[in-house]
Amino acid sequence: MNAHKCFYAVTLSMLLSCSACQGDRLTTSELKALLENNLDSSSSSEEILSFFDSRGWIHDFDEYEQRFFARDPVEDEGPEVFGRNQIYVYVDANGFFVKAEVVRVFPGL
C-alpha cells in the first residue's frame with residue numbers, strides 16, 4: 001500500500017510541477033480567437049504565411065487538402081501529456097483564406 005501512495009504522490013507532484021512548464025502556451029480557444037482576429041476572407045496565402053512567421057510557428061502547405069498546417073514550437077518544450085495544438089488554415093483555389101481550425105493532438109499517447 002505504501003508503494004501505491006508513493007507512486008501517486010510522485011505522479012501528482014510531477015503533474016503539478018509540469019503545469020508550470022506550460023509557460024506562454026496558448027489554449028485551443030485562445031488560438032482560435034487569435035486566428036479569427038487576424039485572418040479573414042481577404043487574407044492571401046502570403047499574408048497567412050506572414051502571420052505564421054510573425055508568431056514563430058512552424059508551417060507547411062498540403063496542396064491536396066488546400067490547407068496550411070502550423071504549430072507553435074513552444075509547445076514542444078512541455079510534456080506530451082498536455083498535448084499540442086495543430087492549426088489548419090484552409091484556402092480556396094486562388095489562395096485566399098476560407099476557414100481555420102485548431103485541433104488538440106496528443107502525439108505520444
Side-chain angles (χ1 to χ4, degrees):
M1 191 75 160
N2 284 339
H4 291 309
K5 287 182 181 179
C6 181
F7 171 77
Y8 290 123
V10 168
T11 302
L12 180 61
S13 67
M14 286 174 55
L15 287 174
L16 291 175
S17 66
C18 285
S19 65
C21 299
Q22 292 188 45
D24 294 331
R25 294 171 50 158
L26 297 174
T27 66
T28 301
S29 58
E30 289 171 333
L31 274 173
K32 286 178 184 177
L34 182 67
L35 293 166
E36 289 171 2
N37 291 331
N38 287 279
L39 302 174
D40 60 30
S41 61
S42 68
S43 300
S44 67
S45 292
E46 292 79 19
E47 291 170 319
I48 294 167
L49 289 172
S50 177
F51 173 72
F52 290 162
D53 290 338
S54 73
R55 304 287 307 170
W57 292 346
I58 297 169
H59 55 80
D60 205 348
F61 184 73
D62 181 345
E63 63 185 83
Y64 299 105
E65 295 285 334
Q66 285 295 112
R67 71 180 181 187
F68 291 96
F69 51 96
R71 66 182 177 82
D72 185 351
V74 170
E75 293 188 352
D76 294 342
E77 297 169 6
E80 289 187 356
V81 70
F82 294 122
R84 310 280 188 267
N85 286 306
Q86 184 65 50
I87 302 159
Y88 299 107
V89 175
Y90 294 84
V91 294
D92 62 19
N94 295 317
F96 285 89
F97 177 86
V98 174
K99 70 176 182 174
E101 296 177 349
V102 180
V103 179
R104 194 85 173 152
V105 295
F106 297 87
L109 301 179

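For Ser41, there are no side-chain hydrogen bond (donor to acceptor under 3.5 Å, both in side chains) partners two or more places apart in sequence or in a different chain. By the side-chain hydrogen bond (donor to acceptor under 3.5 Å, both in side chains) test, Gln86 is found to be paired with no residue, residues two or more places apart in sequence or in another chain being considered. Applying the salt bridge (charged side-chain N to carboxylate O under 4.0 Å, His left out) test to Asp76 and every residue at least two apart in sequence or in another chain returns Arg71, Arg84.
Between the Ser54 side chain and the Phe51 main chain, a donor and an acceptor come within less than 3.5 Å of each other. A donor-acceptor pair is defined here as one N or O able to donate and one able to accept, closer than 3.5 Å; no such pair exists between the side chain of Ser43 and the backbone of Phe97.
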Would you be so kind as to tabulate the donor-acceptor pairs closer than 3.5 Å made by side chains of residues 56-63, with sequence neighbours excluded?
| unit_1 | atom_1 | unit_2 | atom_2 | d |
| --- | --- | --- | --- | --- |
| His59 | NE2 | Asp53 | OD1 | 2.8 |
| Asp62 | OD1 | Tyr64 | N | 3.0 |
| Asp62 | OD1 | Glu65 | N | 3.3 |

Extract all donor-acceptor atom pairs below 3.5 Å that involve side chains of residues 30-37 and protein atoms in other chains or at least two apart in sequence.
| unit_1 | atom_1 | unit_2 | atom_2 | d |
| --- | --- | --- | --- | --- |
| Glu30 | OE1 | Thr27 | N | 2.8 |
| Glu30 | OE1 | Thr27 | OG1 | 3.3 |
| Asn37 | ND2 | Ala33 | O | 3.1 |

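Remark: Phe82 CZ to Glu77 CD distance equals 13.5 Å, nearest 0.5 Å. For the atom pair Leu39 CG and Ile48 CD1, the distance stands at 5.5 Å (nearest 0.5 Å).
Within the structure, side chain to side chain donor-acceptor pair (under 3.5 Å) contacts touching residues 89-99 (residues at least two apart or in different chains) are Arg67-Tyr90, Lys99-Glu101.
Transitive grouping of hydrophobic side chains (ILVMFWY, heavy atoms separated by less than 4.5 Å) brings Val98 and Val103 into a common cluster.
Looking only at side-chain heavy atoms (C-beta outward), Leu26 and Arg55 come within less than 4.5 Å of each other.
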